[in-house]
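Structure record follows, encoded as structure tokens.
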Amino acid sequence: MRSEAIKKAVNFIENETEYHLGFLPVEQSNPRTKYLDRDFSESEEKGVRALLSVDQALLSLAEKTLNGQKFIQMSDAIYKALNSGNKIVFSGCGATGRLSILLESAYRNFFKKTQDENPEAYAKLADLSDLVFSIMTGGDYALIRSVEFFEDYQEFGKEQVKELDLGSGDLLIGITATGETTSILGTVSEAVDRGANAFLIICVEEEIPKKRLKRARQVFEKTNVTVIDMACEPMAIAGSTRMQSTTLEQLIAGAALEIALNRIIQERLGDSSLIDYKDAFKDLIDILQQKESVSAIAACIKFEEEIYRKDGLITYYADDLLLDILTDTTERSPTFSLPPFRKCDDKTSAQSLAFAKNPTLDSSSAWQKVLGRAPRCISWTYDDYIRMGVASDIASNPPQITTEELMKFTIGNESDSSRSEKTENAAILIGSDKNMPIKEFKKIAEPYKKQKILHVGTSQKQADFNIPYSAPITPLCLFDHLAVKLTMNIISTGSMVKMGKVTGNWMTSLNISNKKLIDRGVRLISELCDLNYQDACIELFTSQEMLKDSRYEGQVLSAVEYTINRIEERN
């Protein structure tokens with residue numbers, strides 16, 4: 001066992017140097033939240049303010065980027081592509097993949113709403129309705145259950161670009177916090193090789209990954225690739241790019257798309273909803289830092305912790321904001337080694353601590369609304385994987401990530417006694433001023449032991465937790481989505497900190513499901529256990545071998561957390 005671990009560690013240290021990413025600022029520990037676990041142990045409010053301090057630090061960077069020439073160039077490129085009837089594709093992996101799906105969904109649902117509410121206006125805009133797409137590494141299935149190892153392969157990203165048939169005049173916008181995610185680089189590379197233009201939104205200075213990583217350099221230097229680099233400081237939770245970097249990327253990519261779309265609306269309808277994005281973002285951060293908001297978020301964290309402490313389950317309900325809730329709850333699994341969402345035909349796996357459902361639609365309709373279209377999943381065969389030249393073990397046992405499998409996650413208003421039969425359970429409705437289906441929620445939440453309402457908007461008398469924020473009206477409802485994203489990031493992080501899943505500001509329950517996460521786990525062990533990188537790597541792979549023991553079968557255990565505990569006991 002030990003010899004096999006040493007062999008794997010040596011291989012990772014010597015042959016996977018392109019995935020040793022400790023030099024990237026977004027992969028490091030943020031001094032603002034160095035004692036985050038202590039802050040939350042003192043009070044939920046203190047922990048919430050510590051997390052918000054890192055969001056606050058985004059303001060100057062957001063303003064600089066929004067005023068930058070490259071941002072203007074990207075928005076102009078989107079405008080040109082829309083006017084020419086060309087495809088615009090957002091490409092991401094993990095958190096940025098879910099962001100890409102969100103941008104496409106918000107765009108498509110804008111046209112659906114316009115068609116329903118103002119057919120005359122829709123007729124003048126209809127030619128634009130099917131021009132925005134998304135590429136999620138692992139396909140739409142990865143929206144709800146992570147397919148983490150897919151990000152290690154450029155060929156997977158390239159194949160997804162081929163399936164969308166990108167070509168001359170089309171535009172691809174890759175989004176990756178670290179600037180090095182292999183699958184996303186694959187989408188950019190394939191897009192420009194096929195004659196499309198590409199932008200790459202990253203949260204580090206361009207020269208850092210370009211200088212150190214061959215795969216980044218090769219793509220950055222391609223003709224027709226423009227890199228928008230934003231030197232973001234480390235995440236509030238070390239390496240957890242689902243937080244600040246994705247928030248910044250959502251603002252920048254969403255603003256660019258909205259500005260371009262607004263230009264066309266102004267030209268064709270003589271109407272638009274232009275706003276100052278930097279001021280609107282500052283207003284949002286300021287409101288979240290107000291006492292009323294902090295208290296509401298802290299109370300929600302405390303409520304969730306109480307449910308989880310009693311081995312309970314929480315089911316969120318949302319309508320227009322369901323995609324935002326699914327994103328946050330999905331990302332808790334790999335970040336904190338929690339049970340992933342369970343399919344409806346699975347009666348034996350552990351239930352996910354949190355799940356999300358729509359109280360107004362059945363699952364088929366809910367999926368259609370979440371995505372703004374039919375699901376776009378992956379059903380590659382053995383021959384497809386072999387053609388792409390990936391590892392034979394993947395080809396011979398390809399992941400089941402098809403549309404049929406995705407539809408087994410019942411996110412609609414069908415009853416699910418498995419989530420309400422536990423001794424401790426709760427249903428939480430999340431909505432805004434624009435959509436708050438309280439009547440439907442109260443009816444569907446009757447089987448749950450506790451029911452709560454989280455409202456992000458102006459005063460809602462029936463809300464148990466209220467964030468007093470009124471989002472500006474824009475085509476994609478960008479700030480409604482940002483407000484819920486920020487709120488849910490803090491709630492989910494806070495509840496996991498309170499549950500002991502974070503040490504300092506390191507996610508000690510990390511799931512090492514790809515090469516980037518292996519490196520992050522090694523660095524975490526190195527720092528917390530005072531080991532050099534090589535020894536920490538050997539200890540991590542030793543734990544991984546130990547956890548293959550049959551006694552752990554069916555359990556969701558973090559090799560990183562197990563390693564730390566094992567070393568502490570040994571010492």
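FYI, the numbering just counts along the sequence from 1.
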Side chains of [X] and [Y]: is there a donor and an acceptor less than 3.5 Å apart?
{"X": "Asn30", "Y": "Thr33", "value": "no"}
{"X": "Ser543", "Y": "Thr563", "value": "yes"}
{"X": "Glu151", "Y": "Thr181", "value": "no"}
{"X": "Asp55", "Y": "Gln244", "value": "yes"}
{"X": "Asp346", "Y": "Ser349", "value": "yes"}

Side chains of [X] and [Y], heavy atoms from C-beta outward: is any pair under 4.5 Å?
{"X": "Leu261", "Y": "Tyr107", "answer": "yes"}
{"X": "Leu58", "Y": "Cys232", "answer": "yes"}
{"X": "Ile88", "Y": "Phe90", "answer": "yes"}
{"X": "Arg49", "Y": "Ser43", "answer": "no"}
{"X": "Lys501", "Y": "Leu338", "answer": "yes"}
{"X": "Pro234", "Y": "Ser29", "answer": "no"}
{"X": "Ser558", "Y": "Thr508", "answer": "no"}
{"X": "Ile401", "Y": "Trp380", "answer": "no"}

### Task
Working to the nearest 0.5 Å, report the span between CG of Leu478 and CG of Leu257.
9.0 Å
### Query
Once you round to the nearest 0.5 Å, how far does CE of Met436 lie from CG of Leu454?
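Separation between the atoms: 7.0 Å.
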### Task
With Lys357 as the cation and Tyr316 as the aromatic partner, state whether NZ or CZ is under 6.0 Å from the six-membered ring centre and within 45° of the axis.
no
### Message
Here's one to test your reading of the geometry: is the NZ or CZ of Arg376 within 45 degrees of the ring axis of Phe133 and under 6.0 Å from its centre?
### Response
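Geometry flag: not set, cation outside 6.0 Å or 45°.
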### Query
So which of Arg145, Lys485, Arg98 actually passes salt bridge (Lys or Arg N to Asp or Glu O under 4.0 Å) with Glu331?
Arg98
#### Entry: Whether Phe465 and Phe303 hold their rings parallel, tilted or perpendicular, with breakpoints at 30° and 60°
tilted
### Query
Would you call the rings of Tyr448 and Tyr317 parallel, tilted or perpendicular, where under 30° means parallel and over 60° means perpendicular?
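Ring orientation, 0 to 90° scale: perpendicular.
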Take atom [atom1] in [X]; do more than 12 heavy atoms of anything else shown fall under 6.0 Å from it?
{"X": "Leu59", "atom1": "CG", "value": "yes"}
{"X": "Lys408", "atom1": "NZ", "value": "yes"}
{"X": "Lys443", "atom1": "NZ", "value": "no"}
{"X": "Lys343", "atom1": "NZ", "value": "yes"}

Look at the side chain of [X] and the backbone N and O of [Y], then say whether any donor-acceptor pair between them is shorter than 3.5 Å.
{"X": "Thr329", "Y": "Ile325", "answer": "yes"}
{"X": "Thr246", "Y": "Thr241", "answer": "yes"}
{"X": "Ser337", "Y": "Ser509", "answer": "yes"}
{"X": "Thr330", "Y": "Thr327", "answer": "no"}
{"X": "Asn425", "Y": "Lys449", "answer": "yes"}
{"X": "Ser105", "Y": "Val370", "answer": "yes"}
{"X": "Glu249", "Y": "Ala177", "answer": "yes"}
{"X": "Asp37", "Y": "Gly504", "answer": "yes"}
{"X": "Ser492", "Y": "Asn489", "answer": "yes"}

Using a strict cut-off of less than 4.0 Å between a Lys/Arg side-chain nitrogen and an Asp/Glu carboxylate oxygen, indicate whether [X] and [Y] qualify as a salt bridge.
{"X": "Lys516", "Y": "Asp152", "value": "no"}
{"X": "Asp319", "Y": "Lys369", "value": "yes"}
{"X": "Glu45", "Y": "Lys291", "value": "no"}
{"X": "Arg523", "Y": "Glu27", "value": "yes"}
{"X": "Asp519", "Y": "Lys515", "value": "no"}
{"X": "Arg38", "Y": "Glu42", "value": "no"}
{"X": "Asp320", "Y": "Lys434", "value": "no"}

Nearest non-hydrogen partners of [X] and [Y], listed with the distance:
{"X": "Val560", "Y": "Leu510", "answer": "CG2-O, 3.9 Å"}
{"X": "Leu288", "Y": "Ser293", "answer": "O-CB, 3.4 Å"}
{"X": "Gly521", "Y": "Leu540", "answer": "C-CD2, 4.3 Å"}
{"X": "Leu313", "Y": "Ser352", "answer": "CD2-O, 3.5 Å"}
{"X": "Tyr141", "Y": "Thr402", "answer": "CD1-O, 4.2 Å"}
{"X": "Thr178", "Y": "Val204", "answer": "O-CG2, 3.6 Å"}

### Message
Show every salt bridge (charged side-chain N to carboxylate O under 4.0 Å, His left out) that has at least one partner inside residues 409-423, sequence neighbours left out.
### Response
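Of all non-adjacent pairs touching residues 409-423, those that pass salt bridge (charged side-chain N to carboxylate O under 4.0 Å, His left out) are Asp311-Lys422.
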### Query
Do Leu371 and Leu143 pass the side chain to side chain contact (heavy atoms under 4.5 Å, CB included) test, and can you show the C-alpha distance, the side-chain angles, and the key distance before you say yes or no?
CA-CA 10 Å; Leu371 298 171; Leu143 165 66; 4.2 Å; yes
### Task
Under the side chain to side chain donor-acceptor pair (under 3.5 Å) rule, what do Asp362 and Ser364 come out as? Steps first, then yes or no, please.
CA-CA 6 Å; Asp362 61 39; Ser364 179; 4.8 Å; no
### Arg242 and Asp328: CA distance, side-chain angles, deciding distance, salt bridge (Lys or Arg N to Asp or Glu O under 4.0 Å) verdict
CA-CA 8 Å; Arg242 76 188 184 101; Asp328 182 83; 3.3 Å; yes
### Query
Can you check side chain to side chain donor-acceptor pair (under 3.5 Å) on Thr474 and Glu258, steps first, answer last?
CA-CA 7 Å; Thr474 63; Glu258 282 196 336; 2.6 Å; yes
### Message
One pair to check against side chain to side chain donor-acceptor pair (under 3.5 Å): Asp464 and His455. What are the steps and the verdict?
### Response
CA-CA 8 Å; Asp464 301 280; His455 180 245; over 6 Å; no
### Task
Kindly determine whether Arg108 and Lys112 satisfy side chain to side chain contact (heavy atoms under 4.5 Å, CB included), including the steps that lead there.
CA-CA 6 Å; Arg108 291 181 179 275; Lys112 177 65 168 63; over 6 Å; no
### Query
Glu404: what forms a side chain to side chain donor-acceptor pair (under 3.5 Å) with it, not counting sequence neighbours?
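With neighbours one apart ignored, the set is empty.
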### With Glu305 via side chain to side chain donor-acceptor pair (under 3.5 Å) - residues at least two apart
Arg309
### Message
Is there a side chain to side chain donor-acceptor pair (under 3.5 Å) between Tyr153 and Thr137? Walk through the geometry before answering.
### Response
CA-CA 10 Å; Tyr153 297 91; Thr137 296; over 6 Å; no
